[in-house]
Amino acid sequence: MHSNDIQLEATWKTKLCDEFNKSYMQTLKHFLIQEKKAGKKIYPKGENYFRALNLIPFEQVKVVILGQDPYHGPQQATGLSFSVPPHISIPPSLINIYMELQNDLGIEPATHGCLDSWATQGVLLLNSVLTVEHKQAASHQGKGWEQFTDYIIQTLEREQEHLIFILWGNYAQKKGKFINEKNHLIIRSPHPSPLAAHRGFFGSKPFSQVNQYLKKHNKKQIIWNIPHE
């Protein structure tokens with residue numbers, strides 16, 4: 001990947017242009033090209049690889065919700081962690097996120113799984129790995145994306161103040177190990193997946209914690225209600 005070839009929001013391009021030119025990103029680009037040449041279906045679509053970044057300028061990020069890798073079913077992946085297009089069934093983890101949102105703030109669960117309204121308010125819905133092969137969970141782990149998204153997190157951590165990092169599950173918590181808790185808030189809990197949610201995700205009240213912290217630091221709070229499509 002070369003920075004000149006990437007369709008990326010201008011403030012992020014400034015921050016990340018050198019990273020795109022590094023050898024690990026060139027290797028990743030080659031891997032993705034070869035996978036597509038071999039006829040493999042890759043999610044999300046190419047124009048959505050960096051959609052989480054394109055929906056919000058660097059300086060406007062307030063919250064980072066860290067996911068693992070994209071959904072691997074047809075038409076599910078949008079480039080935003082945990083989000084799906086409005087016409088796609090709401091995945092189990094997101095159903096549990098909505099349940100906790102109702103428990104925390106009394107917000108009725110949305111009828112669809114599109115989280116664009118969170119993203120445009122400053123919630124960076126960032127997966128650790130930005131692509132996946134059709135029906136092959138975690139198939140693109142260890143190919144370079146993790147290094148790239150680590151760099152995104154480190155740049156935010158270093159250059160911003162009073163961000164909130166929501167780390168659900170062990171994977172996200174390991175990835176966030178270098179975040180300085182003196183400058184930022186980290187919200188940790190088990191993952192919202194059906195396998196783990198009952199171990200402490202339910203009742204963790206992440207959404208009210210976010211807004212309390214934003215209010216404390218004179219930042220506009222997030223409207224967590226999902227608009228009807």
Side-chain angles (χ1 to χ4, degrees), residues 43-45 48-56 61-105 107-132 137-138 140-141 145-146 149 152-153 156 163-176 186-202 204-211 222-229:
Y43 302 135
K45 293 178 182 176
N48 289 334
Y49 288 179
F50 305 111
R51 189 161 175 266
L53 305 177
N54 285 333
L55 285 179
I56 173 171
V61 174
K62 299 175 183 175
V63 184
V64 180
I65 299 181
L66 196 58
Q68 194 156 346
D69 60 349
Y71 295 120
H72 53 80
Q75 299 181 24
Q76 286 184 304
T78 65
L80 306 182
S81 62
F82 297 102
S83 183
V84 291
H87 63 284
I88 295 291
S89 297
I90 303 172
S93 289
L94 186 53
I95 287 173
N96 286 341
I97 289 168
Y98 286 170
M99 285 174 65
E100 178 57 20
L101 182 56
Q102 184 173 25
N103 172 59
D104 187 2
L105 295 175
I107 293 171
E108 289 286 324
T111 55
H112 63 86
C114 176
L115 303 180
D116 285 17
S117 67
W118 292 1
T120 54
Q121 294 180 78
V123 181
L124 180 63
L125 295 154
L126 183 68
N127 278 317
S128 174
V129 176
L130 300 188
T131 56
V132 71
H140 289 184
Q141 288 185 12
W145 282 127
E146 292 94 338
T149 52
I152 291 171
I153 294 167
L156 283 164
L163 294 177
I164 302 140
F165 293 88
I166 297 179
L167 307 179
W168 287 328
N170 292 333
Y171 184 93
Q173 287 163 29
K174 284 176 189 167
K175 192 169 177 70
I186 300 179
I187 297 174
R188 300 179 182 86
S189 83
H191 196 276
S193 78
L195 297 173
H198 291 280
R199 298 185 200 139
F201 172 75
F202 291 131
S204 62
K205 301 189 181 299
F207 308 100
S208 58
Q209 286 189 65
V210 165
N211 279 349
I222 305 298
I223 298 167
W224 294 106
N225 308 58
I226 307 282
H228 293 294
E229 284 294 320

### Message
Which residue in the set I97, I95, L101 passes side chain to side chain contact (heavy atoms under 4.5 Å, CB included) when paired with M99?
### Response
I95

### Message
Can you see whether S128 engages W145 through a side-chain donor-acceptor pair at a distance of less than 3.5 angstrom?
### Response
no

### Task
Establish, from distance only, whether the side-chain atoms of Q68 and H191 form a donor-acceptor pair under 3.5 Å.
no

### Message
Tell me whether Y98 contacts the main-chain N or O of I90 through its side chain, where contact means a donor paired with an acceptor under 3.5 Å.
### Response
no

### Query
Would a distance-only check, ignoring hydrogens and angles, find a side-chain to backbone donor-acceptor pair under 3.5 Å from E108 to N225?
no

### Query
What heavy-atom pair brings S204 and Q209 nearest, and what distance separates the two atoms?
O-NE2, 2.9 Å

### Task
Would you name the heavy atoms of P192 and W168 that are closest together and state the gap between them?
CD-CB, 3.6 Å

### Query
Among V123, L125, L55, whose side chain to side chain contact (heavy atoms under 4.5 Å, CB included) with L115 holds?
L125

### Q76 side chain to G73 backbone, donor-acceptor under 3.5 Å
yes

### Query
Counting distance only, does the side-chain N/O of D69 pair as donor-acceptor with the main-chain N or O of V132 below 3.5 Å?
no

#### Entry: Side chain to side chain, L130 and P70, heavy atoms closer than 4.5 Å
no

### Query
Quick check: does any side chain N or O of N48 sit under 3.5 Å from a backbone N or O of G79, one acting as donor and the other as acceptor?
no

### Message
Could you check whether any side-chain heavy atom of V63 comes within less than 4.5 Å of a side-chain heavy atom of I166, counting everything from C-beta outward?
### Response
yes

### Query
Given side chains that start at C-beta, do those of L66 and Y171 come closer than 4.5 Å, heavy atoms only?
no

#### Entry: Test item: I65 and L124 side chains (from C-beta on) under 4.5 Å apart, heavy atoms
no

### Task
For residues W224 and N211, determine if any side-chain heavy atom of one lies less than 4.5 Å from a side-chain heavy atom of the other.
yes

### Message
Walk me through whether R51 and D116 qualify under side chain to side chain contact (heavy atoms under 4.5 Å, CB included).
### Response
CA-CA 10 Å; R51 189 161 175 266; D116 285 17; 2.5 Å; yes

### Query
Considering only heavy atoms from C-beta outward, does the side chain of F165 approach that of R188 to under 4.5 Å?
no

### Query
For N170, does its backbone N or O pair with a side-chain atom of K175 as donor and acceptor, under 3.5 Å?
no

### Query
Looking at the rings of F82 and W118, which for Trp means the six-membered one, are their centres under 6.0 Å apart?
no

### Query
Between atom CG of L105 and atom CD1 of I222, what is the distance when rounded to the nearest 0.5 Å?
11.5 Å

### Flag, side chain of D104 to backbone of F207, donor-acceptor distance under 3.5 Å
yes

#### Entry: Distance-minimising heavy-atom pair for C114 and I226
O-CG2, 3.7 Å

### Message
Side chains of L167 and I187, heavy atoms from C-beta outward: is any pair under 4.5 Å?
### Response
no

### Query
In terms of side-chain heavy atoms, does N127 have a donor or acceptor partner in S81 at a distance below 3.5 Å?
no

### Task
Report the distance from atom CD1 of I186 to atom CD of Q173, rounding to the nearest 0.5 Å.
9.5 Å

### Query
With a 4.5 Å heavy-atom cut-off, do K62 and I164 have their side chains touching?
no

### Message
Around atom CD1 of I223, are there more than 12 heavy atoms from other residues, nucleotides or ligands closer than 6.0 Å?
### Response
no

### Query
Nearest heavy-atom pair of V129 and H140: which atoms, and what distance?
CG1-O, 3.6 Å

## Note on the structure
Closest heavy-atom pair, H112 versus P86, reported as atoms and distance to 0.1 Å, is CB-O, 3.6 Å

### Contact summary for S117 and T120, nearest pair of heavy atoms
O-OG1, 3.3 Å

### Message
Using 0.5 Å steps for rounding, measure from the CD atom of Q102 to the CD1 atom of I107.
### Response
9.5 Å

